[in-house]
Every structure is written in C-alpha cells, then in structure tokens.
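Heavy-atom basis, side chains included; hydrogens, waters and symmetry copies ignored. Quantities reported herein were computed from a predicted structural model and do not represent experimental measurements.
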Amino acid sequence: MSDAAVETIYRTTFTDRVVTPDESADLIATLQDLQQIQDGSSTPPLTPDKLIWLRAAAFRVACEYLVEDGDEDGREENVKLLKAINAVVHALETTCLLPSLDEEGGEEFSQESVEELFRSLYESQDEDNDGDDDAPMISKAETQALEDFLTSESTKPPLSQLVWLRSTAFRLGSQYLDDENDMAKNVALLRSINVVVHVLESTCMQAKPLSLELPPSHTPTAETDLQTAAQTLWNLDSNRLTPHTDYSIDVQSSKHPCNKEDAADEPLFTRINTQIFQVRPTFKAFRALLDNYSSYCGDEEEISEKELQEIRVFLDAIMDTAVMKYCHQYCLAKEASYEGEAIPESEYGFKKVLNSIWFELYSRSGGGGRRGRKMDSSGFEHVFVGEVKNGQISGFHNWVQFYLEELKGNVDYRGYIKPRSGNSAETNDDDQVLTLQFSWNGVEKFVGTSFIGVSPEFELALYTMAFLTGEDDNEVTLNTGREMFDLNIKCHKYNGGANVGSCYVEALAHYEEEQKYV
C-alpha cells in the first residue's frame, strides 16, 4: 500500500477526533488486510518493519487537525485528538508488534514513578518551548534516561502494565496541551509524545515476524522467468521510496558518454527524508556497511568482529522482508544450486549462501603474487560501495552510496545519459532508473546505471536471482508504475562462480507506459 493511502486512512480517522471501539476494530482489520498480498496486486504489502514510519506519520498527519488560537473549545478538541492518536497507535502495535516484557517487573517499578518520569519529560519540553516552529523535543539525555528506566532490572515494567504505559503517556501528555491552543507548542508536544511512545515500543515490544503467504500471482514456479520475477520484486518492495515525497532529484541536462564536460551545475539529490536511514531497518543496516571498505583495489580489506556483526544484522534485516523471501522462494523453485549444492530451504542456510556470494573477500587486483594475493574486494563492495581500479571507478551502482558521497562533496554529478533506444521517453525527476556520469574523489565514471529510491533488499534480491539462476546478460522489462524500462541485468561471476564479480543494470530503452505497445 502506498504511503499516501495510509495517510488518507489517518485523515479519515482524525476528522471527527473520535475512534469508537468498532472503528478501532475496523482499523486493526484494515491494517491486517494490508499485510496480505492480494492475488494480482502490484501494491506492496504493509510490513512490520515500517512501524516507526507508520506511527510517525500518524502524529504528523494529526498535527493537521490541531485546533488553533481563538477557538473556545479548542483545548477540549485537542484532547479528543490525542485520544484518537492513541487509538491509532494501539491499532498499529496490535498489527505489527508483540510484547517483549516479562511477567514479573522490577522490584522498584511503580505507576507513580512512571508518571513522575513522564511529567518531568513533558515539563522539560514545555519550559524549553518558546513558541518557535523548531522548538526542542525531549533531549537525547532524557530519552536515554527513559530507556534506562524501562530496561533496568530494578525498574522495568511487568507485562501487565504494557497498555497502561502507552495510555498514560497520552493521558499525561494531554495535560500539557497549551491553554491558548498555540500551534507551535502543541505540535512540539505531539512530537514529544511520539518520542515517548517510540521508546516504549523499542524497549517493551518487538516486531512480529513477517509471515508471507504468496498468492498464485506472486508464487514462483519452475516456469517463472526472470522477467516475471523482477516485476514481482518491484511490486513487493514496500520499502521503496516515493519520488517528490521521500526524496527529490534534479536530473538537469543530458550528455553523451564520451563528453567529458560537466552538464550539471547542481547536485543530483536536492532533498531526502534522512529519517529513513534510522527508521527503516534495512536502510539503517545497509548504511552501517558502507564505511567498512577501502575504495582502492590493492588495499587489503580486513573485516573486524564489529563489521561481521553488521553484516549479520543486515542479512537478518533483509531476510525479514517480502522481497528477500520471494527471492529465496524463486531460487528454490528454479532448483538453483551454489557450489554444487542445492539452495538450502532454511532461511539460515540461505543467509549463509548470501554471505558467501556477496561478502566473502577475494583478490580483484591480483597484487601480492599468486600465493599471497591481497584480499581487496567483494561483490558487495564492488556493486554497492564502489572501487577505484587503474584510475577508473569500478562498480558503484547504488543510489544511497551516491547520495551520501554527494552530500560529503566527494561525488560530482555531471549529467544523465539517455538509453540507447532513440525513441525513449523524456528523462525527468521521477524516473527510478537513471544512467549517470559522475566523478568520485576526482576519478571518473563515464557511464553507470542505478536504480533510484529502491530498497537495498530489492537490488540485492534482483542481482542474487540473476547470479543464481540467470545468464551473463538478462533482458527484462520493468513497469515502475510511472514508466517502463527495458533493462539488461549484467552479471559477472568471480572465482569460478563462487562470488559476485559485478551485477548492475543497463538501460536499453525507456517508455511512457502507453508507448511500449505503440
């Protein structure tokens, strides 16, 4: 389901500021339905890993319904709104979370101590708020104090107090609504309540395991081709960002690959919702991997225990998505093998295969002699991070890495390159496949194609399927919902097929949807 559709549900819920028990049950049922994949649907399912965004969006949309200055009944209406937000959060938690508390709490836990702590948090933000739009929320130190209270052996709450904790956060928060209905102050209060609820959820609850039941339209078989599988992955990618909503780009001018002149005075990315790198588990885990490598082939890579743990966290996160579960099922249906063995049916076994394919180090430069070759590369480093070899950029096909390096001033975007087809549609700022020219730390990449806005798991799943079941060249057509792209998924294997050497897409043609069949 699209983010906009979820926000529409919230607006419908908050319009009258009242959520009856029947409406609450209907909301839970609606959210549970959204977690299912409908047969023939191209809409991604609602997955538990989007909870933080879902909750934050509820508070953000609710701010639109705060009563402003001059309304005599404004404060009462705003209290009703907080109750409605509480009902929505309850529905989200019922749908996406499970309790993680023990039956017995800490000996020093009491409702009085919780209420005192909550009041101190709200009073602190109320005192600091001078009416500015950027008024501070609860500080990091205060947030940490709340986390410590909820996780300490002596003060942690028992399971029986879980619902009371959240309802108390809202009930006490309502006491700090501004008497004059000052919008900035009340918005800051809602942001603070959101922080408190986030801490409660992260310390007292855990995400429900993703249970993915694929309908016939999404169930891979031995006859399912890579074209169909690639489109299904796209349709399942619930973590994909939305152009103009989650991010904005400025493609500027086109150029020929041989043209070395800069055709773009400005950066490619003009805006991105950076909270995504914190609130979406796969993005957060992916970003943590990007600084683990030296970009120069010939520099020996050393993986620390911390970095090994980061790889494990990333693989766990992506395997809890519909995209990677489909990838696993597709490889099983195609009876794919790795190193002479059938792909394991267990997710644990499949993660071991992914680790070997993508993260096992090998020598790309060949330096150090035949027996002492430097382990200076991996499939993941090459494809997602990028390398410099013989004075040229090698790999570097990921948009998140591009954005982060551009933000640091290390990447200079030089314009886009049109697909080979002469009748391609116009390249614009909502395209989610772009062929780019850029420099990285002064080293040139004359042509490289990247998906824009897709999740890390989408790319890794697509390239894994090509690696395990495809050929060197795999032509597919992808309907993004806005336009269609003829793509060639290039797959180069290394070490006799044990590792990814490189995987990326080439844009062969780009159509408006109706053009494809003209």
Handout entry: Nearest-0.5 Å distance, CG of residue Leu189 to CZ of residue Phe59
Key = 9.5 Å
Exercise for the section: Kindly check if the number of other-residue, nucleotide or ligand heavy atoms within 6.0 Å of NZ (Lys284) is above 12? Expected result: no
Handout entry: Under the salt bridge (charged side-chain N to carboxylate O under 4.0 Å, His left out) test, residues paired with Arg287 that sit two or more places apart
Key = none
Exercise for the section: Would you indicate whether the side-chain heavy atoms of Thr13 and Val88 approach each other to under 4.5 Å? Expected result: yes
Problem - Short side-chain to backbone donor-acceptor contact, Glu147 and Val199, under 3.5 Å - result: no
Exercise for the section: Please tell me if the side chains of Leu354 and Leu460 come closer than 4.5 Å, counting only heavy atoms from C-beta onward. Expected result: yes
Handout entry: Which residues share a ring pair (Phe, Tyr, Trp, His ring centres under 6.0 Å) with Tyr403, sequence neighbours left out
Key = Phe269
Handout entry: Donor on one side chain, acceptor on other, Glu483 and Thr480, under 3.5 Å
Key = no
Problem - With sequence neighbours excluded, residues passing ring pair (Phe, Tyr, Trp, His ring centres under 6.0 Å) with Tyr330 - result: none
Exercise for the section: Would you sort out whether Arg312 and Glu305 count as a salt bridge (Lys or Arg N to Asp or Glu O under 4.0 Å), showing the intermediate values? Expected result: CA-CA 11 Å; Arg312 288 190 286 266; Glu305 183 55 43; 2.8 Å; yes
Fill in the blank from the handout: side-chain contact (heavy atoms from CB on, under 4.5 Å) test vs Phe402 passes for just one of Leu434, Ile452, Val411, namely Val411
Exercise for the section: Check for a donor-acceptor pair, side chain of Arg271 on one end and backbone N or O of Thr245 on the other, with a separation under 3.5 Å. Expected result: yes
Practice task
Using a 4.5 Å cut-off on heavy atoms from C-beta on, say whether the side chain of Ile272 contacts that of Leu407.
Solution key: no
Completion exercise
Applying salt bridge (charged side-chain N to carboxylate O under 4.0 Å, His left out) to Asp148 and not counting sequence neighbours gives none
Problem - Residue pairs passing the side-chain hydrogen bond (donor to acceptor under 3.5 Å, both in side chains) test where at least one lies in residues 156-172, sequence neighbours excluded - result: Asn86-Arg166, His90-Arg166, Glu93-Arg166, Asp102-Lys156, Gln111-Gln161, Glu115-Arg171, Glu153-Lys156, Trp164-Thr168
Exercise for the section: State, with a plain yes or no, whether a side-chain heavy atom of Leu27 is found less than 4.5 Å away from one of Tyr10. Expected result: no
Practice task
Report yes if the side chains of Val195 and Arg191 come closer than 4.5 Å at any heavy-atom pair, otherwise no.
Solution key: no
Handout entry: Cationic N near anionic O, under 4.0 Å, Glu310 to Lys306
Key = yes
Handout entry: Lys80 with Asp16: basic N within carboxylate O range, under 4.0 Å
Key = no
Handout entry: Gap between atom CG of Leu165 and atom CE of Met205 - 0.5 Å precision
Key = 10.5 Å
Handout entry: Donor-acceptor contact present, side-chain Thr143 to main-chain Ser139, <3.5 Å
Key = yes
Completion exercise
Smallest heavy-atom separation, Ala285 atom then Val313 atom, equals CB-CG1, 4.1 Å
Handout entry: Residues which pass side-chain contact (heavy atoms from CB on, under 4.5 Å) with Arg11, listed by chain and number, not counting sequence neighbours
Key = Glu7, Val61, Glu64, Tyr65
Handout entry: Gln309, CD: over 12 other non-hydrogen atoms inside 6.0 angstrom
Key = yes
Practice task
Name all residues meeting the salt bridge (charged side-chain N to carboxylate O under 4.0 Å, His left out) criterion together with Glu266; count only those two or more places apart in sequence or in a different chain, and write none if there are none.
Solution key: none
Practice task
Spell out, as yes or no, whether a donor-acceptor pair under 3.5 Å connects the side chain of Asp237 to the backbone of Trp234.
Solution key: no
Practice task
Describe, in one word, how the ring planes of Phe109 and Phe149 are oriented to each other, choosing from parallel (under 30°), tilted (30 to 60°) and perpendicular (over 60°).
Solution key: tilted
Exercise for the section: Take Asp246 and Arg240 through the salt bridge (Lys or Arg N to Asp or Glu O under 4.0 Å) test and state the conclusion after the steps. Expected result: CA-CA 9 Å; Asp246 298 314; Arg240 185 174 62 250; over 6 Å; no
Exercise for the section: Could you list the residues that satisfy side-chain contact (heavy atoms from CB on, under 4.5 Å) with Ser152, not counting sequence neighbours? Expected result: Ser154, Thr155
Problem - Interatomic spacing from OG in Ser450 to CD in Glu459 - rounded to 0.5 Å - result: 7.0 Å
Completion exercise
OG1 (Thr270) and NE2 (His244) are apart, to the nearest 0.5 Å, by 9.5 Å
Problem - Residue list, side-chain contact (heavy atoms from CB on, under 4.5 Å) with Pro267, at least two apart or on another chain - result: Glu406
Problem - Distance-minimising heavy-atom pair for Gln432 and Leu241 - result: NE2-O, 3.2 Å
Practice task
Could you tell me whether the side chain of Gln401 and the main chain of Val385 form a donor-acceptor pair under 3.5 Å?
Solution key: yes
Fill in the blank from the handout: Looking only at heavy atoms, the pair that brings Asp250 and Gln252 closest together is O-NE2, 3.1 Å
Handout entry: side-chain hydrogen bond (donor to acceptor under 3.5 Å, both in side chains) against Thr242, all qualifying residues, sequence neighbours excluded
Key = none
Fill in the blank from the handout: So CG of Asn78 and CG of Leu66: to nearest 0.5 Å the spacing works out to 5.0 Å
Problem - Residues forming a ring pair (Phe, Tyr, Trp, His ring centres under 6.0 Å) with Phe380, sequence neighbours excluded - result: Phe286, Phe359, Phe384
Problem - 4.5 Å side-chain heavy-atom contact, His328 and Lys325 - result: no
Exercise for the section: Working to the nearest 0.5 Å, report the span between CG of Leu226 and OG1 of Thr232. Expected result: 10.5 Å
Practice task
Walk me through it: do Phe451 and Trp399 pass the test ring-ring contact (aromatic ring centres under 6.0 Å, His included)?
Solution key: CA-CA 7 Å; Phe451 289 104; Trp399 74 269; over 10 Å; no
Fill in the blank from the handout: Between Leu478 and Ala230 the two heavy atoms that sit nearest each other are CD1-O, 4.0 Å
Problem - 4.5 Å side-chain heavy-atom contact, Val6 and Trp53 - result: yes
Exercise for the section: For the residue pair Ser192 and Tyr176, establish whether any side-chain heavy-atom pair is separated by less than 4.5 Å. Expected result: no
Problem - Minimum heavy-atom distance between Leu101 and Pro158, given as atom pair plus value - result: CD1-O, 3.6 Å
Practice task
Taking only Lys NZ, Arg NE, NH1 and NH2, and the carboxylate oxygens of Asp or Glu, determine whether Arg119 and Glu116 approach each other closer than 4.0 Å.
Solution key: no
Fill in the blank from the handout: Ala62 meets the side-chain contact (heavy atoms from CB on, under 4.5 Å) criterion, sequence neighbours left out, with Phe14, Leu81, Ile85, Leu190
Exercise for the section: Kindly give the heavy-atom pair with the smallest separation between Gly74 and Val67, and that separation in Å. Expected result: CA-CG1, 3.5 Å
